[in-house]
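In what follows, a single structure is set out as structure tokens and then discussed.
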2 protein chains.
Amino acid sequence: METTQREREPEPKYWHLRTLLSKALDTEFSVGEILPNERELAARFGVARATLRQALEQLELEGRLQRRRGVGTTVAPPRVGVDLSPSQHSWPGWSGDPWTATAAAPAPPPPAVARLLDVRAGEPVEVIHRTLMTHGQPVATEQLYVPGSGEPRLPAAEGPERARWLLRRLQETDASGQDRTVELGAAGAEAARRLERLPGSPVLLVTTRYFAAGRTAAVSVATYRADTCRLTFADQPALTALTS
Amino acid sequence: METTQREREPEPKYWHLRTLLSKALDTEFSVGEILPNERELAARFGVARATLRQALEQLELEGRLQRRRGVGTTVAPPRVGVDLSPSQHSWPGWSGDPWTATAAAPAPPPPAVARLLDVRAGEPVEVIHRTLMTHGQPVATEQLYVPGSGEPRLPAAEGPERARWLLRRLQETDASGQDRTVELGAAGAEAARRLERLPGSPVLLVTTRYFAAGRTAAVSVATYRADTCRLTFADQPALTALTS
DNA sequence: GAGTGGTCTAGACCACCGG
DNA sequence: CGGTGGTCTAGACCACTCA
């Protein structure tokens with residue numbers, strides 16, 4: 001008999017389950033529909049609940065399912081696309097900006113941000129908190145760090161009006177470019193609360209540097225729900241035409 | 001006695017552990033160092049191994065740890081940045097392209113890709129497989145789908161030379177732009193093997209459409225290890241200067 | 001209060017790596 | 001071979017939502 005090397009390495013059960021469920025979702029369920037509960041599903045497939053949960057976690061990670069404690073597991077709608085194309089007109093606070101500012105106050109930024117802003121560690125900067133909603137669901141929270149808060153006309157109250165004042169001032173600066181990084185992260189306690197997720201949920205961490213007059217005018221750290229979001233980046237056809 | 005509403009909602013144990021370990025990593029460990037094994041750590045913190053593992057999973061997700069079966073858990077180096085800025089010169093196969101092609105063969109693309117390419121479902125297209133390495137580690141795999149394989153001079157062998165021939169032809173087309181989306185995914189069996197990860201590992205799924213002459217000339221689906229990669233997107237200063 | 005998903009336990013066995 | 005992380009089990013209890 002020929003020994004077929006690299007024979008059937010047994011597939012983990014949770015992975016096989018994931019595949020089964022994935023197919024079932026494609027054919028037998030529609031968006032928003034509620035699945036049977038975990039104990040029921042585990043029994044039906046003849047596995048422990050923990051194993052079933054491992055499969056569900058996978059599918060949630062892929063944006064196929066949505067689980068809510070006390071409610072149940074539902075079939076998730078397709079991910080929403082969020083445009084992150086760089087553009088002169090998309091600085092925070094531009095007219096048409098879908099973000100809503102919730103608060104602003106001076107505070108020392110985390111070390112990593114301080115480095116990007118080129119300010120001393122511990123040095124306070126203005127921190128603007130914003131949220132992005134789509135379809136009535138929160139999909140992202142952001143902290144915008146803006147140095148140079150020593151303005152006399154700045155509103156004393158630490159609320160939305162202070163945030164709007166700072167954003168208006170940002171709009172007046174002479175934008176010269178931006179810079180983004182995207183990486184996987186885990187939602188901290190604060191972000192988790194604002195995104196209506198549990199601490200540790202996977203999120204996409206988008207760090208943006210805004211440049212003006214050769215300096216870093218602001219740094220944004222945005223936290224997107226990884227389960228419900230798809231980030232999109234497009235070339236501007238108008239610009240590409242110019243380069244020929 | 002005053003009842004402080006919204007008192008201490010007890011933090012999950014695994015989350016608290018994550019915080020403890022995170023601090024320990026910052027202060028008491030250096031990159032590459034091996035941590036005590038899971039049973040040892042669990043005992044030391046007085047929790048079940050499963051709980052300890054939940055904390056380690058978090059830290060691995062955040063790119064702080066690296067776990068390898070049969071070896072141990074080590075402190076991960078900082079994530080490597082991968083530049084994904086759109087540019088005329090960065091079409092697959094450009095001179096200096098860090099990707100290495102491993103194979104090429106005609107095959108029908110997955111339905112989602114067929115839609116992007118605007119070809120009939122089931123219609124075969126050329127599929128080029130490539131891998132991206134940095135520091136001797138695989139960080140991404142890619143499938144490049146190129147329609148219009150009915151070329152007479154195309155090498156018959158389904159290997160690297162066929163891939164290189166197709167990439168050379170791609171370079172000759174008149175590039176007019178590109179389009180990207182980034183989302184979270186789970187590594188399939190194939191991708192997991194090539195990235196030296198387990199099936200279901202979190203990955204960043206980058207889908208790129210390449211446009212030429214008003215049509216979609218190619219679609220790339222790239223799978224990046226989410227634990228070791230940071231995607232970067234930069235403005236081209238040259239272009240931004242033109243728009244003023 | 002009934003029912004959901006989330007956390008946690010204590011244990012077993014397996015697949016893989018290295019000496 | 002011994003030691004590592006990966007999988008799986010069967011059970012308990014908790015936090016949350018909604019009728």
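Naming convention: chains lettered A, B, ... in sequence-line order (proteins, then strands); numbering from 1 in each chain.
Protein atom CD of A/Gln54 is 11 Å distant from nucleotide atom P of D/dG6, rounded to whole Å. At whole-Å resolution of the value, CG in A/Leu198 and C1' in C/dT4 are 13 Å apart. Counting to the nearest Å, the C1' atom of D/dT4 and the CD atom of B/Glu60 are 14 Å from each other. The CG atom of B/Leu17 sits 13 Å away from the P atom of C/dT7 (whole-angstrom rounding). When rounded to the nearest whole Å, the span between CZ of A/Arg69 and P of C/dT7 equals 6 Å. If you measure from atom CD1 of B/Ile34 to atom C1' of C/dG19, you get 14 Å, rounded to the nearest angstrom. Taking atom CZ of B/Arg53 as the reference point, atom C1' of C/dC14 lies 13 Å away to the nearest angstrom. The distance from atom CH2 of A/Trp15 to atom C1' of C/dA15 is 18 Å, rounded to the nearest whole Å.
Contact check, A/Thr51 against D/dT9: a side-chain N or O comes under 4.0 Å of OP1 or OP2. Under 4.0 angstrom from either OP1 or OP2 of D/dG6 there lies at least one side-chain N or O belonging to B/Arg67. In terms of phosphate contacts, B/Asn37 brings no side-chain nitrogen or oxygen within less than 4.0 Å of OP1 or OP2 of D/dG3. Contact check, B/Tyr14 against C/dC8: no side-chain N or O comes under 4.0 Å of OP1 or OP2. Residue B/Thr73 has no polar side-chain atom (N or O) positioned under 4.0 Å from OP1 or OP2 of D/dT4. An OP1 or OP2 oxygen of C/dG6 is reached within less than 4.0 angstrom by no side-chain nitrogen or oxygen of B/Lys13.
For A/Ala50, taking side-chain heavy atoms from C-beta onward, the closest of the listed nucleotides D/dT9, C/dT7, D/dC8 is D/dT9. Between D/dG6, D/dT7, C/dG6, one nucleotide has an atom nearer to the side chain of B/Glu38 than all others, and that is D/dG6.
Among the protein residues, B/Leu56 comes within range of no part of the nucleic acid, since none of its heavy atoms lies under 4.0 Å from any strand. Among the atoms of the strands shown, only primed sugar atoms or phosphate atoms (P, OP1, OP2) are found under 4.0 Å from some heavy atom of B/Arg68.
Contact of the B/His129 side chain with the B/Thr141 side chain is not registered, since no non-hydrogen atoms from C-beta on lie closer than 4.5 Å.
You'll find a donor-acceptor pair under 3.5 Å spanning the side chain of B/Arg39 and the base of D/dG5, going by distance alone. For C/dG6, the base has a donor-acceptor partner in the side chain of A/Arg49 [N/O atoms by modelled type, under 3.5 angstrom].
Defined by atom type and a distance below 3.5 Å, a donor-acceptor pair is missing between the side-chain atoms of B/Gln178 and B/Thr208.
The residue among A/Val71 and A/Leu52 whose nearest nucleotide of DNA chain D lies closer to the 5′ end is A/Leu52. Of the two residues contacting DNA chain D, namely A/Gly70 and A/Pro12, the nearest-nucleotide position lying further toward the 5' end is that of A/Pro12.
Ring orientation note: the planes of A/Phe233 and B/Phe233 are close to parallel, at an angle under 30° on the 30°/60° scale.
Contacts classified as side-chain hydrogen bond (donor to acceptor under 3.5 Å, both in side chains) and involving residues 34-48 of chain A (residues at least two apart or in different chains) are given here: A/Glu38-A/Arg49, A/Glu38-A/Arg53, A/Glu38-A/Arg67, A/Glu40-A/Arg44.
Of the inter-residue distances, the one linking B/Leu166 atom CG with B/Glu161 atom CD reads 11.0 Å to the nearest 0.5 angstrom.
Remark: A/Glu11 does not engage A/Arg18 in a salt bridge, criterion side-chain N to carboxylate O under 4.0 Å. A salt bridge links A/Glu190 with A/Arg193: at least one charged nitrogen is closer than 4.0 Å to a carboxylate oxygen. Remark: A/Arg68 does not engage A/Glu196 in a salt bridge, criterion side-chain N to carboxylate O under 4.0 Å.
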Secondary-structure notation, DNA chain C, from Watson-Crick and G-U pairs under 3.5 angstrom (| other strand)
||||||||||||||||||.
